[in-house]
Amino acid sequence: MSISIAHLGPPGTYAEQATVFYANWLAQNTENQVLLCPYPSIAQSLQAVAKGQTRLAVVPVENSIEGSVTMTMDALWQLDSLQIQVALVIPIAHALISCADSLHTIQTVYSHPQALAQCQGWLGQFLPAVRLIPSNSTTEVLQGLDQDLTAAAIASCRAAQLYNLPILASKINDYPENCTRFWVVSQSQDDLINTSASATHSSIAFSVPANLPGALLKPLQIFAQQGINLSRIESRPTKRSLGEYLFFVDLEADVQEPQMRNALAQLTQHIEILKIFGSYNILSMSVEP
């Protein structure tokens, strides 16, 4: 059986790299084949799953340097019935790709805003006068990069190989331990991953009825009383009114465990809307291909 997976394209993005990693994992653990389906944005990748155009999507959720990917969080809240299958942790090593003769002739650098931010120290030191131009993905401009000898792009070494482009500098991210966590998302809790071990993490999001003292403290106390550790908490605007927020929480427990069931039951007494994105395990890619 062939499984279609949406991801941020075009080919060569870190999202595609994560998807290939997951596809290889599927090939080793199941009899399924994978069809990669690139989309122009993270939101469109998730919408493809919600509309049934693909079975899965691989989307970035958090970078170890720049924090959460807000487009993923907002889209997950807005789209109903999407569930997390598994988390993927992928090492990120950026390269400066250009057909320029040297760094001195580069006038513009293109890349995804996250990649530009992850290399801001290097750019400030070696290319302080260049224009930084955000793009939808790290590889969006690579196809025509050889037509402009004053332009460069920040992407992976793998992307440079795919597009047959020179690398002027490698490992230019400011922190060597840079990595990004991706989620593999489906319409509902799928049966692709059947492991004997229970899930190690769960993700939820909720809104509170009003911005009052203790509005967030009371829900968080519930998890503390149940002995459930929070590995991440993030706020996002509700987009209804200034000062109103949603809260995204990653927990180190399976939603099927008794303490999680108790916590979620109590949580509904203190919040407005609760969305449970599912329980999952984490797969880590140890080295960049």
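The shown structure was predicted, so the numbers you read here are calculated from the model rather than taken from an experiment. Numbering of residues begins at 1 and proceeds along the displayed sequence.
Taking hydrophobic clusters as Ile, Leu, Val, Met, Phe, Trp and Tyr residues chained together by side-chain heavy-atom distances below 4.5 Å, I97 does not share a cluster with I154. Following chains of ILVMFWY side-chain contacts shorter than 4.5 Å, one can reach V130 starting from L103, so the two form part of one hydrophobic cluster. Cluster membership check: V61 does not share its hydrophobic cluster with I276, using side-chain heavy-atom separations under 4.5 Å among Ile, Leu, Val, Met, Phe, Trp and Tyr. Cluster annotation: W122 is not connected to I167 through the hydrophobic network of ILVMFWY side chains, with a link wherever side-chain heavy atoms come within less than 4.5 Å. Note: the hydrophobic cluster containing I106 does not contain V141 (ILVMFWY, side chain heavy atoms under 4.5 Å, direct or indirect links).
No salt bridge links R181 with E66; every basic N to acidic carboxylate O contact stays at or beyond 4.0 Å. Contact check on E244 versus K239 returns no salt bridge, with no Lys/Arg side-chain nitrogen under 4.0 Å from an Asp/Glu carboxylate oxygen.
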Q | Trace of the side chain to side chain contact (heavy atoms under 4.5 Å, CB included) decision for I5 with V34 | A | CA-CA 7 Å; I5 306 182; V34 172; 3.5 Å; yes

(Q) side chain to side chain contact (heavy atoms under 4.5 Å, CB included), that's the test. Do R131 and Q107 meet it? Break it down for me. (A) CA-CA 6 Å; R131 285 193 306 145; Q107 299 176 10; over 6 Å; no

Q) What do the steps show when you test L274 against L267 for side chain to side chain contact (heavy atoms under 4.5 Å, CB included), and what is the final call? A) CA-CA 9 Å; L274 171 65; L267 186 65; 3.8 Å; yes

**Q.** side chain to side chain donor-acceptor pair (under 3.5 Å) evaluation trace for S198 with D254
**A.** CA-CA 7 Å; S198 61; D254 191 324; 4.8 Å; no

**Q.** Candidate pair L46 and V185, rule side chain to side chain contact (heavy atoms under 4.5 Å, CB included), full reasoning
**A.** CA-CA 8 Å; L46 289 170; V185 178; 4.2 Å; yes

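Nearest heavy atom pair, residue S279 against residue V255, reads OG-N, 2.9 Å. Shown here for G214 and P219, the closest heavy-atom pair between the two residues is O-CD, 4.3 Å. Across all non-hydrogen atoms, the minimal contact from G12 to A159 is O-CB, 3.6 Å. Here the closest non-hydrogen pair linking I90 and A18 is CG1-CB, 3.7 Å. Closest of all the heavy-atom pairs between L88 and V184 is CD1-CG2, 3.8 Å. In terms of heavy-atom proximity, I271 sits nearest to S207 at CB-O, 3.3 Å.
With hydrogens and angles disregarded, a donor-acceptor distance shorter than 3.5 Å links the side chain of T268 to the backbone of A265. Between the Q44 side chain and the A6 main chain, no donor and acceptor come within less than 3.5 Å of each other. Side-chain atoms of T13 do not come within 3.5 Å of backbone N or O of G9 as any donor-acceptor pair. Judged by distance alone, the side chain of S111 and the main-chain N or O of A153 form no donor-acceptor pair under 3.5 Å. Within the 3.5 Å criterion, the main-chain N or O of E62 finds no donor-acceptor partner in the side chain of S68. Remark: the backbone N or O of L35 is not paired with any side-chain donor or acceptor of S4 at under 3.5 angstrom. Counting only distance, with no hydrogens or angles, the side chain of D146 and the backbone of L165 share no donor-acceptor pair below 3.5 Å. Judged by distance alone, with hydrogens and angles left aside, the side-chain atoms of S98 form a donor-acceptor pair with the main-chain N or O of A151 at under 3.5 Å. Under a 3.5 Å cut-off, the side chain of Q226 and the backbone N or O of I222 do not form any donor-acceptor pair. S186 contributes no side-chain N or O that, together with a main-chain N or O of L56, makes up a donor-acceptor pair within less than 3.5 Å.
Side-chain contact check for I233 versus L220: some heavy-atom pair is nearer than 4.5 Å. W77 has its side chain out of reach of R236: every pair of non-hydrogen atoms, C-beta onward, lies at least 4.5 Å apart. Proximity of T150 to T105: side-chain heavy atoms (C-beta onward) are nowhere separated by under 4.5 Å. Contact annotation: the side chain of W183 approaches that of S203 to within less than 4.5 Å [non-hydrogen atoms, C-beta and beyond]. By the 4.5 Å heavy-atom criterion applied to side chains, V89 and L283 are not counted as neighbours. Using a 4.5 Å cut-off on side-chain heavy atoms (C-beta onward), N136 and H112 make no contact. You'll find the side chain of P10 reaches within 4.5 Å of the side chain of S137, heavy atoms only. At least one side-chain heavy atom of V249 sits under 4.5 Å from a side-chain heavy atom of F206.
Using modelled atom types and a 3.5 Å distance limit, the side chains of D174 and Q118 yield no donor-acceptor pair. In this model, no donor atom of one side chain and acceptor atom of the other lie less than 3.5 Å apart for Q17 and R158.
Within the 6.0 Å centre-distance limit, the rings of H94 and Y14 are counted as a close aromatic pair.
Surrounding CG of N229 are more than 12 heavy atoms belonging to other residues, nucleotides or ligands, all under 6.0 Å away. Remark: K275 NZ is packed, more than 12 non-hydrogen atoms of other residues, nucleotides or ligands lying under 6.0 Å away. The number of heavy-atom neighbours closer than 6.0 Å to CD of Q225, taken from other residues, nucleotides and ligands shown, is above 12. Within a 6.0 Å sphere centred on CG of N262, heavy atoms belonging to other residues, nucleotides or ligands number more than 12.
Remark: Q85 CD to F277 CZ distance equals 15.0 Å, nearest 0.5 Å. Taking NE2 of H7 as the reference point, atom CD of E16 lies at 5.0 Å (rounded to 0.5 Å). The distance from atom CD1 of I228 to atom OG of S231, rounded to the nearest 0.5 Å, is 12.0 Å. To the nearest 0.5 angstrom, D250 atom CG is 9.0 Å from I204 atom CD1. Summarising the geometry, atom OG belonging to S156 is positioned 8.5 Å from atom CD1 belonging to I92; distances are rounded to the nearest 0.5 Å. To the nearest 0.5 Å, the span separating OG1 on T238 from CG on L246 amounts to 6.0 Å.
With respect to L251, the side-chain contact (heavy atoms from CB on, under 4.5 Å) criterion is satisfied by exactly one of M260, R232, H201: M260.
In this structure, Y22 and W25 have parallel ring planes: the angle between them is below the 30° cut-off, well short of the 60° mark.
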